[in-house]
**Student:** 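Submitted below is the structure of interest, expressed as structure tokens.
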Protein chains: 2
Amino acid sequence: MARPKPDRTALLDAMADHVLVHGLNTASLRPLAQAAETSDRMLIYHFGSKEGLVGELLGHLAARMAAGLASALPAARAVTVAGAVGEVVDLMRTSAFQPYARVWLDIVSAAGQGGQVQRAAGQQVIDGFLDFITGRLPEDTPAPEETARLALTLIEGVMVMDAIGHRDTADRAIAALAPQASRGD
Amino acid sequence: MARPKPDRTALLDAMADHVLVHGLNTASLRPLAQAAETSDRMLIYHFGSKEGLVGELLGHLAARMAAGLASALPAARAVTVAGAVGEVVDLMRTSAFQPYARVWLDIVSAAGQGGQVQRAAGQQVIDGFLDFITGRLPEDTPAPEETARLALTLIEGVMVMDAIGHRDTADRAIAALAPQASRGD
DNA sequence: CAAATAATGTAGCAACCGCTACGTAACATG
DNA sequence: CATGTTACGTAGCGGTTGCTACATTATTTG
């Protein structure tokens, strides 16, 4: 009868909290189970395998972050492309979103090593992010699709710079974008 | 005194090759030792601890990549900022440099989780890269320091996009940077 | 040559990893 | 009440982790 998921989302929520604090790539079943107040045995029971668990967990995290983004920064168009980038960067540096940024870099790293689950989840995150950013660009932006991709790629770079402690390099990069993108006003 | 370190660089070279293929964050002592034709025991003997080993290994990798960059793409100024970015991106997508890109994302991920060694090595890499890029910008680039930071941050974003399979997003981002400089790359 | 010192090998510890075999409840249905 | 299905705990397997105590060999030095 197929009542397969009684409280899987509760489990996923608890495990997501754990992963946001302790990282994704170093997470193992027993600590995850402890965070969710279960046993490793039950996690395998519910999700089939660790890979399955990680897959669902990534989807859950992506959904939570997307929802958090939308509610933290309601749709509004920026004056400048660089302004839109700055707004999103400032948000991602918030204590509420910094954990997501760290997990995001974990996902990217694992995807780069060939992790299929992480690659799929990463593409999903990027697609959602592209939509989010497109809606925040100035109304009259030419080639909004390409510009959104430029903005997002730059934001990814900022997250890399922040992670290794080159935040000022990121800030100066955004500043350097301003004169270039304001052409055509 | 006598002979404290006979062939550490040979060990580091062999381990670097292994890491470039199999990743950094998942590397453990015994496979590393096998790659260097020693034992885990000897690695600890030479480097004191795994953390010490990783530290020296990262320094070695950074030096190797910097040397490879300089020799693969001898100093020459590009016509456009976007052109300079494209040249470096094309190089990093080469089969010779893609492994470095993957390890780089490993470093970033670990640094984001608080890895001091990775953070230090990462800053070193960024500084070298900034110099490299600054020398490749068009001669008359205004604010070259800031522009180099913009270019590098964008390149980091491209590496993220590539890792999760959004290479076309990266390409379109670079294209969006171009429009105001003279066309014809 | 002998003693001291450095370099390397052997064997293993204690902890952790993902995962599974197995036993036991709870519960719905005949 | 019997039976079958689902939910969950216990115990542990085989493997890997970083690291170490100890023994042995090689090299230098008095």
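FYI, side chains are in, hydrogens and waters are out, and symmetry mates aren't considered; it's all heavy atoms of this structure. Protein chains get the first letters and strands the later ones, always in sequence-line order, with residue 1 at the start of each.
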**Student:** As an exercise, state the distance from CG of B:Asp127 to OG1 of A:Thr169, rounded to the nearest 0.5 Å.
**Tutor:**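 Here the interatomic distance stands at 7.5 Å.
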**Student:** Nearest to the side chain of B:His46 - C:dG18, C:dG9, C:dT8?
**Tutor:** C:dT8
**Student:** Quick one: A:Leu32 CG to C:dG18 P, roughly how many Å, whole number?
**Tutor:** 8 Å
**Student:** For A:Ile44 and C:dA21, what is the distance between atoms CD1 and P respectively, to the nearest whole Å?
**Tutor:**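 Result: 13 Å.
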**Student:** Would you mind classifying the nucleic acid contact of B:Ala27 as base, sugar-phosphate or nothing, using non-hydrogen atoms under 4.0 angstrom?
**Tutor:**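 Sugar-phosphate: the residue B:Ala27, judged by heavy atoms under 4.0 Å, touches backbone atoms but no base.
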**Student:** In this structure, how many angstroms lie between the P atom of C:dC17 and the CD atom of A:Gln34, rounded?
**Tutor:** 11 Å
**Student:** If you check the B:Met42 side chain, which of C:dG9, D:dG9, C:dC17 turns out closest?
**Tutor:**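 The answer is C:dG9, which lies nearest to the side chain.
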**Student:** With nearest nucleotides of DNA chain C determined for A:Ser28 and A:Arg41 from heavy-atom distances, which residue corresponds to the more 5′ nucleotide?
**Tutor:**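 Taking each residue's closest nucleotide, the earlier one in sequence belongs to A:Ser28.
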**Student:** Enter the distance from B:Thr134:OG1 to B:Arg77:CZ here, rounded to the nearest 0.5 Å.
**Tutor:** 8.5 Å
**Student:** Within this structure, what is the CZ-to-P distance between A:Arg8 and D:dA7, rounded to whole angstrom?
**Tutor:**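 From A:Arg8 CZ to D:dA7 P: 11 Å.
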**Student:** Would you mind reading off the distance between B:Leu43 atom CG and C:dG9 atom P, rounded to a whole angstrom?
**Tutor:** 11 Å
**Student:** Quick one: is C:dT8 close enough that its OP1 or OP2 comes under 4.0 Å of any side-chain N or O from B:Tyr45?
**Tutor:** no
**Student:** Does a donor on one side chain sit under 3.5 Å from an acceptor on the other, for B:Gln113 and A:Asn25?
**Tutor:** no
**Student:** Over 60° means perpendicular and under 30° means parallel, so tell me whether A:Tyr100 and A:Phe97 are parallel, tilted or perpendicular.
**Tutor:** tilted
**Student:** Within this structure, what is the CG-to-C1' distance between A:Leu53 and C:dC19, rounded to whole angstrom?
**Tutor:**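 In whole Å, C:dC19 C1' lies 13 Å from A:Leu53 CG.
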**Student:** At what distance, to the nearest 0.5 angstrom, does CZ of B:Arg8 lie from CG of B:Leu53?
**Tutor:**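 The distance works out to 9.0 Å.
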**Student:** Would you mind reading off the distance between A:Leu29 atom CG and C:dC16 atom P, rounded to a whole angstrom?
**Tutor:** 14 Å
**Student:** Report the residue (B:Thr26 or B:Gly48) whose heavy-atom-nearest nucleotide on DNA chain D is the more 5′ of the two.
**Tutor:**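 Between the two, 5'-proximity favours B:Thr26.
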**Student:** Among the nucleotides D:dT17, C:dC17, D:dG18, which one has an atom lying closest to any side-chain atom of B:Pro31?
**Tutor:** D:dT17
**Student:** Start at the 5' end of DNA chain D and walk down; is the nucleotide closest to A:Arg30 or to A:Ser39 reached first?
**Tutor:**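 Looking at DNA chain D, the more 5' nearest nucleotide goes with A:Ser39.
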**Student:** Can you tell me how far P of C:dT10 sits from CG of B:Asp40, to the nearest Å?
**Tutor:** 11 Å
